[in-house]
Structures are given as structure tokens and as C-alpha cells.
Amino acid sequence: VNAVEHGNLQISTSEKSELLRQGVWVEEVRRRLLLPENAAKRVRVELRREGCELVLLIRDDGPGFDWEQYCNFDPVRAEEPNGRGIALVRQLAFPNLEYLSAGNIARVVVQMKPMIDPRGGPTP
């Protein structure tokens, strides 16, 4: 969702707050999706296994963003209707979530336990 709304459609955090307060966020996302400048924009998701790790990459066609400010909970945003998702995901599910490039590529690595081959050894 972040890749679409913030990346490709360039809805800022403050814009999203206002759209949510007005109850028109969904309508604005739909409107921007139909704009000619957004017609060819995509979000690409890549999942690959590297040994005992799963690597997930999510890329959008947006210009990126200053992601560092969203990695931890900020008391200033505590009462806001949005702006806490990245910190929440990092705290609850993916502590190693990071952004690459200008911030338009999210990367998550999940450590897996080695699988045991039925013949007795670890799988490659």
C-alpha cells in the first residue's frame, strides 16, 4: 500500500492525514490511479531464497522518501491517523526492514531455520 499511495501516487504523509480526516482517502487514491502520468507506474515484488534467508524486495516507480524518520515511533505522530506503519512493521514483524536507493525500494530479510532433508542432512 505504501508503495502505491506514497511512492507511485506521491501522497505525502500530511496529505494522507488530511484525506483521512475528510473521509476521502480512497477516492483520492482512485483519482490519482487514473491520471495519465500514473498509468505506467508499477510496484514490483521479488521474493527469493538465499540459503537460510528469504529476501523480499518491494520497488515502486516513485522518487523515494526520507524513510529514516519513520523507522521509530515518534510521539509527535501519536495522535495522527497515519505515519506509524513502518515503525509498527519493524517492531512487530520485520525488525530489519530497510529502504534502499532513494527510499523507493523496501528490503526485508527473514531468517529461516535450515530444512532437514528426509535422508538426514540439511537441504542446500
Side-chain angles (χ1 to χ4, degrees):
V1 172
N2 277 356
V4 172
E5 69 182 10
H6 297 303
N8 289 349
L9 303 181
Q10 297 183 32
I11 297 173
S12 70
T13 302
S14 58
E15 283 179 302
K16 182 175 179 181
S17 294
E18 188 56 34
L19 292 167
L20 288 169
R21 282 189 189 96
Q22 293 176 11
V24 295
W25 171 72
V26 172
E27 290 82 2
E28 180 62 10
V29 168
R30 288 181 179 147
R31 183 188 76 76
R32 291 190 190 200
L33 284 170
L34 296 173
L35 294 174
E37 61 266 30
N38 295 325
K41 292 181 181 176
R42 300 288 180 259
V43 173
R44 291 162 305 286
V45 179
E46 176 185 332
L47 179 65
R48 65 178 182 265
R49 182 175 176 176
E50 296 177 358
C52 290
E53 296 179 338
L54 285 179
V55 178
L56 174 66
L57 293 172
I58 303 169
R59 304 168 195 258
D60 64 59
D61 291 333
F65 72 113
D66 182 17
W67 57 272
E68 290 92 351
Q69 65 181 317
Y70 297 101
C71 286
N72 299 304
F73 286 103
D74 183 346
V76 173
R77 288 192 300 271
E79 299 298 319
E80 293 297 317
N82 61 303
R84 298 173 306 276
I86 293 170
L88 189 61
V89 165
R90 290 185 80 206
Q91 183 178 11
L92 297 178
F94 303 116
N96 60 1
L97 167 66
E98 64 180 336
Y99 287 83
L100 309 175
S101 186
N104 62 337
I105 303 172
R107 181 177 185 265
V108 174
V109 177
V110 177
Q111 299 293 325
M112 300 183 326
K113 292 182 179 179
M115 296 174 51
I116 302 298
D117 186 297
R119 296 170 287 197
T123 59

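Only this structure's heavy atoms are used, side chains among them; waters, hydrogens and symmetry mates stay out.
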Looking at every heavy atom in both [X] and [Y], which two are closest together, and how far apart are they?
X: Tyr99; Y: Ala106; result: CE2-CB, 3.7 Å
X: Arg42; Y: Asp61; result: N-OD2, 2.8 Å
X: Gly7; Y: Pro63; result: O-CD, 3.9 Å

Please check if the side chain of [X] supplies one atom and the backbone of [Y] the other of a donor-acceptor pair under 3.5 Å.
X: Asn8; Y: Asp60; result: no
X: Asn38; Y: Leu9; result: no
X: Arg21; Y: Gly23; result: no

Should [X] and [Y] count as side-chain neighbours, where that means a heavy-atom distance under 4.5 Å?
X: Glu28; Y: Glu15; value: no
X: Val45; Y: Leu56; value: yes
X: Val55; Y: Arg107; value: yes
X: Gln10; Y: Glu37; value: no

request  = Report the C-alpha separation of Val109 and Glu98 in whole Å, then their side-chain angles, then the decisive distance to 0.1 Å, and conclude whether the side chain to side chain contact (heavy atoms under 4.5 Å, CB included) test is met.
outcome  = CA-CA 9 Å; Val109 177; Glu98 64 180 336; 5.7 Å; no

Point to revise | Common cluster, Phe65/Ile105, ILVMFWY with side-chain heavy-atom separation under 4.5 Å | key: no

Which of Leu33, Leu35, Leu34 passes side chain to side chain contact (heavy atoms under 4.5 Å, CB included) with Arg31? It is Leu35

Measure the spacing between [atom1] of [X] and [atom2] of [Y] and express it to the nearest 0.5 Å.
X: Arg48; Y: Leu57; atom1: CZ; atom2: CG; value: 5.0 Å
X: Asn104; Y: His6; atom1: CG; atom2: NE2; value: 14.5 Å
X: Arg59; Y: Leu100; atom1: CZ; atom2: CG; value: 8.0 Å
X: Lys113; Y: Cys52; atom1: NZ; atom2: SG; value: 11.5 Å

Would you please test Val43 and Ile58 for side chain to side chain contact (heavy atoms under 4.5 Å, CB included) and show each step? CA-CA 7 Å; Val43 173; Ile58 303 169; 3.8 Å; yes

